Amino acid sequence: MAKNLLIVESPAKAKTIEKYLGKDFMVKSSNGHIRDLAKSDKGIDIANNFETNYIVSEEKKKVVDDLKKASKKVDEVWLATDEDREGEAISWHLCEALNLDLKTTKRIVFREITKPAVLKAIESPRIVDQKVVDAQQARRVIDRLVGFELSPVLWRKVRTKLSAGRVQSVTVRLIVEREREINAFNSVASYKVVALFTVPNENGVSVILKADLTGNLKTEQEAQSFLESCKGAAYSIDNIEVKPAKKSPTAPFTTSTLQQEASRKLGFSVSRTMVVAQKLYEAGRITYMRTDSVNLSETAMVDIEKNIKKNYGDQYAFPRKFKNKSSSAQEAHEAIRPSYIDAKLIEGSNDEQRLYSLIWKRAIASQMADAQLEKTVVKIDISTNESRLTARGEMIKFDGFLKVYRETIDGEEENNDDGILPPLKKGQILNFKSMAATEKFTRHPARYTEASLVKKLEELGIGRPSTYAPTISTVQKRGYVIKESRDGKERKYKVLSLENDIVNIVTETETTGAEKNKLFPTDIGLLVNDFLREHFDRIMDFNFTAKMEAEFDEIAHGKEEWKKVVNDFYHPFHEEVENTLENSERVTGERKLGDDEKTGKPVIARLGRYGPMVQMGHQDDEDKPKYAPIKPPLSLETITFEEAIDLFKLPRTVGKYKDLEVVVNNGRFGPYVLYNEKFISLEKGEDPFTISLERAIELIDAKEKADAPIYEYEGLPVQKGKGRFGPFLKWNELFINVNKKYDFDNLSTADIIELIEAKKQKEIDKVVQNWEEQGIRVEKARWGRHNIIKGKLKIEIPKTVDAKALTLKEVEGIIEQNAPKKKTPAKKKAPAKKKKATSK
DNA sequence: CAGTGAGCGAGCTTCCGCTTGACTT
């Protein structure tokens, strides 16, 4: 038996460290926090000077019991949780839960999981730092007080099940304010002038030289007169300026920068990035993925330098240390880097390989030399005109880190405008080809993507690496924010051109305002945000977290007592809560839009029981008011009278088909056609207000065709469909995924049978495996009748029972029931089709 | 799982930050 027990937070880390330490050490993990405030009464006795009530949650009991047992068997317990506030607190909770002496139990820390770092840490143990623990307690208690006092206010004043908190409410505020900026934005048009020349390159071949006019022209008239003024002009190079420039690599990844780059380069959502990174971490491919540090360990830096010198040459290596830009960083780990830098490629899923490659390149590039560039600016005179044109070129003299990695910048389009210029000299006369003045419009600020939101949160010091992804999912789950794509609108723009001394004007169209996977506030999000801003502006302040952090630091440095900090915060806050509950109106978001022309009835928009809606008429009119739900992209806040009137036009009967009515309406899943008691969704972009009977019939016919069984197997119909997880077959209440190996549009009979049979076997295997894990010996199992044999008894499972979920005890119960009264084994017949518990 | 929008009111919801699985239509 090992003499020492060392406890870390992550099981994957435990495995690695166990290898470094040898047989004297048993290494186990706490799997994160092991205790938390109880939920009842907030887990805090406020009247009793904020006495805390910590409990071990149900799912952590096993971990704690296991650690407790292990701790009793060893001479010494070492607490090696992360070196940050939360890690210190976990060590403290471990002492409390495992009955370890806080005064003597050894606490060690390392910021990197390398053998030298771990061995060195063991040499200098300390004890748990109560001051840091107290800072964490203050953080925890304040978050609980804010969350559990604010949320109930929302239940009373807005809607049940809503939530508010230090992090999530400010996150919603960011999105709300961006949306309002966009709504208030006025796009301004101007004209961008670009001229094209033909110039011989080194080989005498004619190439295009592009030059533009600095600053846009304000009006069409200005643009036209400028082009007119260039008629018959000669163009000559007035000046050529060549300047050296350099580009430096960015730091290796933190959680936040990894999420941003994976979003831009691979199109991953932040949660997908974290799931894939977790897999890489567990497979030992990368260092820890929840980190705010940009540091690399000494050993990693040495390895990377060697790798660069070997593969790219000495001149490419340039070791450097990065400083963290974010002041809230706690740096308990390394930056995210490959565990073994020599592994440039790895095995694994496509996602894993791509994310790993990104991490590898970024880590390598961070230790490479600057790229040396040469920037050229060419000024071109126009003989008929005072203005000058500018051509720009950029040449890479030495690629440096660009050899492996190029960071993508948000909002920057991939353009190669600044390419290599052909040879030019001062005074050279250029051969004019054409010139165009294109109408451009200023763009509103960009809506947040998940990744750009994470970047903003990090800048504000709000949230932690482990919470960015969960926070984004919380604000969506609460219905404050939706992530969606929206189609753009067509817009006309003018292009004036000058070619062969003729000025031409044409109007072209472009699509603008299209959004892909952007974050939009919902009406509830807007209303809750405004309500919180009005009554709890202190919590909603973007600097609230930063101010609290400063207080927590004071506690950690022993300059403040944690309960005093909590006390000072709580009382004024609680007073606001009481005051708001008593004095504020219920939030309805009501807006009067106008009066109906025909009836004179008022038209209002408000928040109804089931969400935002428009209402025509008054509650206590003799005939009931008309209602219609408001759905995105319309919103309670921006809907106009005309848009509201349109909404009342649904449901709309478009005509009859085979003597049955065809009705169009807007439903929970968008616009649909209702025919013969069947719902058929309209396709994207189709408008329920204008759809014709012919088109509706087309959809009805298509639906009937699609729903028709494609085959019949064992007397049951086989249907096709496409769901969340791709194409599937439905048979006998089973969903059967059809993978890319099959041609889904042209499945053969053999394919169908093969798929169904494979699925059957898989279902049987699941049941058998479950039973065998519980020690039930299964000798024979077949579809439709899961025969289990225990001893000599053979029994069939009744139809009503979910065979897969059966436990040993239940199986024994069934055996008991079916057991023969006499000695002879009995058999009972039942059509034992396994019914899967289907969840919605 | 696609029509709702009144009112009464039991019993419930909810925070942030550490972790890792289980498993979907």
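A, B, ... follow the sequence lines: proteins, then strands. Residue 1 opens every chain. Below, each value reflects all heavy atoms present in this structure, side chains not excepted, and no hydrogens, waters or symmetry copies. Since the structure is predicted, the reported quantities are computational estimates derived from the model, not experimental observations.
- Between B:dG17 and A:Gln136, no contact under 4.0 Å exists linking OP1 or OP2 to a side-chain N or O.
- Nucleic acid contact for A:Thr474: sugar-phosphate only, since backbone atoms but no base atoms lie under 4.0 Å from a heavy atom of the residue.
- A side-chain donor-acceptor contact under 3.5 Å links A:Ser163 and A:Arg478.
- Using a 4.0 Å heavy-atom cutoff across all strands shown, A:Gln615 reaches no nucleic acid atom at all.
- Between A:His535 and A:Phe531, the ring planes lie tilted relative to each other; the angle falls in the 30° to 60° range.
- Between A:Arg290 and B:dT20, a side-chain N or O to OP1/OP2 separation shorter than 4.0 Å is present.
- Residues A:Thr81 and A:Ser91 have side chains that bring a donor and an acceptor to within less than 3.5 angstrom of each other.
- Across all strands, A:Val146 comes closer than 4.0 Å to no nucleic acid atom at all (heavy-atom distances).
- Side-chain proximity of A:Phe679 to the nucleotides B:dA6, B:dA2, B:dC18 is greatest for B:dA2.
- Contact check, A:Arg464 against B:dC16: no side-chain N or O comes under 4.0 Å of OP1 or OP2.
- Within 4.0 Å (heavy atoms only), A:Arg478 reaches sugar-phosphate atoms of the nucleic acid but no base atom.
- B:dT4 atom P lies 12 Å from atom CZ of A:Phe648, rounded to whole Å.
- Within 4.0 Å of A:Pro625, counting heavy atoms only, lies no atom of the nucleic acid at all.
- Residue contacts for A:Lys39: at a heavy-atom cut-off of 4.0 Å it reaches a base atom on one of the strands shown.
- Distance A:Glu86 CD to B:dC16 C1': 8 Å, rounded to the nearest Å.
- Side-chain atoms of A:Ser151 and base atoms of B:dT13 include no donor and acceptor less than 3.5 Å apart.
- Atom CG of A:Leu647 and atom C1' of B:dG5 are 15 Å apart (whole Å).
- Here the side chain of A:Arg166 is nearest to one of B:dT20, B:dA2, B:dC16, namely B:dC16.
- Taking the P atom of each, B:dG7 and B:dG11 are spaced 23 Å apart, rounded to whole Å.
- Electrostatic pairing of A:Arg285 and A:Glu352 does not count as a salt bridge here, judged by no charged N lying under 4.0 Å from a carboxylate O.
- Judged purely by distance below 3.5 Å, without hydrogens or angles, the side chains of A:Thr545 and A:Arg166 pair a donor atom with an acceptor atom.
- Using a 3.5 Å distance cut-off with no hydrogens or angles, the side chains of A:Tyr288 and A:Gln278 do not pair a donor with an acceptor.
- Donor-acceptor pairing under 3.5 Å is recorded for the side chains of A:Ser328 and A:Ser326.
- The base of B:dC16 has none of its N or O atoms less than 3.5 Å from a complementary donor or acceptor on the side chain of A:Arg144.
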Begin with the C-alpha distance, continue with both residues' side-chain angles, and end with the deciding distance and a verdict on salt bridge (Lys or Arg N to Asp or Glu O under 4.0 Å) for A:Lys13 and A:Glu18. CA-CA 9 Å; A:Lys13 204 188 269 188; A:Glu18 197 147 47; over 6 Å; no

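- Taking the 5.5 Å centre cut-off and the 30° plane limit, the aromatic side chain of A:Trp155 is classed as stacked on B:dT13.
- Relative to the side chain of A:Pro152, the nucleotides B:dT14, B:dG5, B:dC18 differ in distance, and B:dT14 lies closest.
- Looking at heavy-atom distances under 4.0 Å, A:Arg609 makes contact with a base.
- With centroids closer than 5.5 Å and planes inclined by less than 30 degrees as the test, A:Phe148 and the base of B:dC15 fail to qualify as a stacked pair.
- B:dG9 and B:dT13 have their C1' atoms separated by 15 Å, with the value rounded to a whole Å.
- Residue A:Tyr610 has its side chain nearest to B:dT4 when only B:dT4, B:dG17, B:dT20 are considered.
- The side chain of A:Lys161 lies closest to B:dT13 when the candidates are B:dT13, B:dC18, B:dT19.
- The listed nucleotides are B:dT19, B:dG17, B:dG3; the one nearest the side chain of A:Asn31 is B:dT19.
- In this structure, A:Gln168 atom CD and B:dT14 atom C1' are separated by 8 Å, rounded to whole Å.
- In this structure, A:Asn665 reaches neither bases nor backbone, as no heavy-atom distance under 4.0 Å exists between it and the strands shown.
- In this structure, A:Gly608 reaches the bases: a heavy-atom distance under 4.0 Å links it to at least one base atom across the strands shown.
- Across all strands, A:Gly87 comes closer than 4.0 Å to no nucleic acid atom at all (heavy-atom distances).
- Nucleic acid contact class of A:Thr467 (heavy atoms, under 4.0 Å, all strands): base.
- Of the two residues contacting DNA chain B, namely A:Pro612 and A:Glu9, the nearest-nucleotide position lying further toward the 5' end is that of A:Pro612.
- For the pair A:Ile462 CD1 and B:dC15 P, the computed distance is 16 Å after rounding to whole Å.
- Residue A:Ser466 places at least one side-chain N or O under 4.0 Å from the OP1 or OP2 atom of B:dC18.
- Among the atoms of the strands shown, none is found under 4.0 Å from any heavy atom of A:Ala89.
- The base of B:dC15 lies close enough to the side chain of A:Arg140 for a donor and an acceptor atom to sit less than 3.5 Å apart.
- Straight-line distance from the OH atom of A:Tyr281 to the P atom of B:dT19: 8 Å, rounded to whole Å.
- Put simply, CG on A:Asp41 is 16 Å from C1' on B:dC15, counting in whole angstrom units.
- Within 4.0 Å (heavy atoms only), A:Glu282 reaches sugar-phosphate atoms of the nucleic acid but no base atom.
- When distances are taken from the side chain of A:Tyr627 to each of B:dC15, B:dT20, B:dA6, the shortest belongs to B:dA6.
- Distances shorter than 4.0 Å separate none of the side-chain N or O atoms of A:Ser29 from OP1 or OP2 on B:dT19.
- Counting to the nearest Å, the P atom of B:dA2 and the NZ atom of A:Lys631 are 12 Å from each other.
- Across all strands shown, A:Leu162 has heavy atoms under 4.0 Å from sugar-phosphate atoms exclusively, and none from any base.
- Among the nucleotides B:dC15, B:dC18, B:dG17, the one closest to the side chain of A:Tyr288 is B:dC18.
- Here the side chain of A:His33 is nearest to one of B:dG17, B:dT20, B:dG5, namely B:dG17.
- What you find for A:Ile462 and A:Tyr468 is that their closest heavy atoms are O-CE2, 3.7 Å.
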